[in-house]
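Notes for the one structure printed next.
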Amino acid sequence: MAELNKRFFAVRAFWPMLVIIGLAVNLRPPITAIGPLLDDIRMGTGLGVQAASMLTVLPMLCMGLFPLLLPFVERRLSESVWILTGLFTIATASFCRFWMMDGFGLIVTAMLAGIGIAIVQTLTPGVVKRWYPQSVPLAMGGYSASLMAGGGLVAILSPQVAHYSENWQTGLGVWIVPALIAALLWWLKPREVLETHDKSVPVNFWGNRRAWLLASYFGLANGVYASMITWLPTFAQSLGWNAENSGKLIGIMTVFQVIAAVVAPALSSGRLDRRLWLFFAVGIQLAGLSGMMLMPEAMLVVWVAMIGCGLGACFALTLTVSLDHLSAPRLAGALTAFVQGIGFIITAMTPYLVSLLFEWTGTFQTSWFMLSLTLVMMLLATFQFSPSSYARAMNIS
């Protein structure tokens, strides 16, 4: 009986993280499934380069717009209902893709998936802060690693599913399954009494310069990620890689993302100042992009691994730093919602700019140089994130 009780308490302790993992793994598949299949999709639907970029741009825009509406929409429905709605929206978009034959319909499903992702992604950091108040960096690391692992696995598996089913639609539609599993996990989540209000500081961050800096930082970091998942397979194929192997490049990037998303927050958890690790995260991405510009064919896997390492650490640490700024879970969640909202609008523009530069120049070199410039800007901004400035920056006495 004692052994049974131990197992019961172990499962009960791990259950919240299992729910968070279930939510996180569904936040990238509708986007990352596109890149390795992009050539087949364009041949099957007739989409041009810029129109094809909308399959990434529109979900990112949705991921930016919904968080900005959070102060209004959260009054209408509970957190639980919103998250279930988001998961079922992702599932519906995936289901529709089984029969998709035209580009317009595929773009509509991209927007639908983006709405679902936006809902879940906006609310989850607040859930993490509430469920793991004493270990936010580690919990955010688990959340970030799961999010990236879901996206990377789908990039590897989608072309294989498409190959064995002999149509790209199945490679996109099969990801309805994890969305339904996550909905079940959320439905069975631990019951809790939610905080109803907190008036310690205003929830409106529009006039706060630190909130805008965090949002811009987050957006530029994710702009590199969005550009990689959209155009890295095409870049690799221009160097002679086939569709399946180019999808595996996303998988390699994801492996290093996952490792860094877990390790960087864990190593930084002993101190509130996380700038050293942010410098590393941004710097290693800059080194990887420089390698892709100078020696793409010789060491592409190495450059992609370096970029993945930096992306994983940067995503987890940027959200953690945002949560660090405010102690109350609801307010910290509202700040990360703002950061993600403005951030993903910036992110959405990036792969579209890459597509424009590619069409104008016929090469990705200019695009990689543009992304490198954004990383230099992030390195300079990192100096601002001193923990001693948090209270003053958020206007807390």
Side-chain angles (χ1 to χ4, degrees), residues 11-33 59-60 62-63 66-67 70 73-74 77-94 112-133 135-154 175-192 194 218 222 225 254 257-258 261-262 265 312 315-316 318-320 322-323 329-330 332-334 336-337 339-341 343-344:
V11 170
R12 187 175 179 180
F14 182 70
W15 188 255
M17 181 51 67
L18 184 63
V19 175
I20 289 169
I21 290 171
L23 297 178
V25 296
N26 283 281
L27 300 181
R28 292 298 177 267
I31 304 172
T32 58
M60 294 289 181
C62 292
M63 290 154 64
F66 181 85
L70 182 63
V73 301
E74 67 178 354
L77 295 172
S78 69
E79 175 190 81
S80 184
V81 172
W82 273 118
I83 288 181
L84 281 175
T85 300
L87 291 169
F88 281 119
T89 304
I90 295 170
T92 300
S94 298
L112 188 64
I115 292 170
I117 292 169
I119 293 171
V120 179
Q121 184 169 258
T122 299
L123 297 171
T124 303
V127 174
V128 173
K129 176 92 171 178
R130 190 171 71 245
W131 287 359
Y132 294 95
S135 53
V136 171
L138 294 177
M140 283 305 299
Y143 163 72
S144 302
S146 302
L147 182 152
M148 295 162 188
L153 284 172
V154 167
W175 308 114
I176 183 178
V177 176
L180 294 177
I181 293 173
L184 178 61
L185 289 173
W186 179 257
W187 182 258
L188 297 174
K189 70 180 175 64
R191 296 291 179 257
E192 56 184 330
L194 294 180
F218 182 82
N222 279 279
Y225 173 76
T254 302
Q257 277 183 288
V258 170
V262 173
F315 183 88
T318 303
L319 284 179
T320 301
S322 298
L323 291 171
R330 174 178 171 270
T336 58
V339 167
Q340 290 183 87
F344 276 116

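Below, all heavy atoms of this structure are taken into account, side chains as well, without hydrogens, waters or symmetry copies. All figures in this text were calculated on a predicted structure; none of them were measured in a lab.
Counting only heavy atoms from C-beta outward, the side chains of I83 and L23 approach each other to under 4.5 Å. Two residues are said to be in side-chain contact when any heavy atoms from C-beta on lie closer than 4.5 Å; Q121 and L147 meet this criterion. Contact annotation: the side chain of E79 approaches that of V127 to within less than 4.5 Å [non-hydrogen atoms, C-beta and beyond]. Contact check for L153 versus W175: no side-chain heavy atoms found under the 4.5 Å cut-off. With a 4.5 Å cut-off on side-chain heavy atoms, T122 and W82 do not count as touching. At a threshold of 4.5 Å between non-hydrogen side-chain atoms, the residues F315 and Q257 do not count as touching. You'll find the side chain of I31 reaches within 4.5 Å of the side chain of I117, heavy atoms only.
Judged by distance alone, the side chain of T32 and the main-chain N or O of G151 form a donor-acceptor pair under 3.5 Å. A distance-only check finds a donor-acceptor pair linking the side chain of K129 to the backbone of L323 [under 3.5 Å]. For the pair Y132 (side chain) and M17 (backbone), a donor-acceptor distance under 3.5 Å is present. Side chain of W15 to backbone of L188: a donor-acceptor contact under 3.5 angstrom is found.
Separation of atoms NZ (K189) and CD1 (I20) is listed at 11.5 Å; rounding is to 0.5 Å. Distance check, rounded to the nearest 0.5 Å: CE of M140 to OG1 of T320 gives 5.0 Å. Here I176 contributes atom CD1 and L87 contributes atom CG; the two are 12.0 Å apart, rounded to the nearest 0.5 Å.
Considering all non-hydrogen atoms of both residues, L185 and L18 come closest at CD1-O, 4.0 Å. When all heavy atoms are compared, the tightest approach of G150 to P29 is O-CG, 4.1 Å. In this structure, A139 and V128 approach most closely via the heavy-atom pair CB-CG1, 3.5 Å. Contact record, A33 with V154: CB-CG1, 3.5 Å, taken as the closest heavy-atom pair. When all heavy atoms of P30 and I90 are compared, the closest pair comes out as CG-CG2, 4.0 Å. For the residue pair A118 and C62, the shortest heavy atom distance occurs at CB-O, 3.3 Å.
Evaluation of the side chain to side chain contact (heavy atoms under 4.5 Å, CB included) rule for V25 yields I21, S146 as partners, not counting sequence neighbours.
Aromatic ring orientation, F218 versus F344: perpendicular (interplanar angle above 60°, classes split at 30° and 60°).
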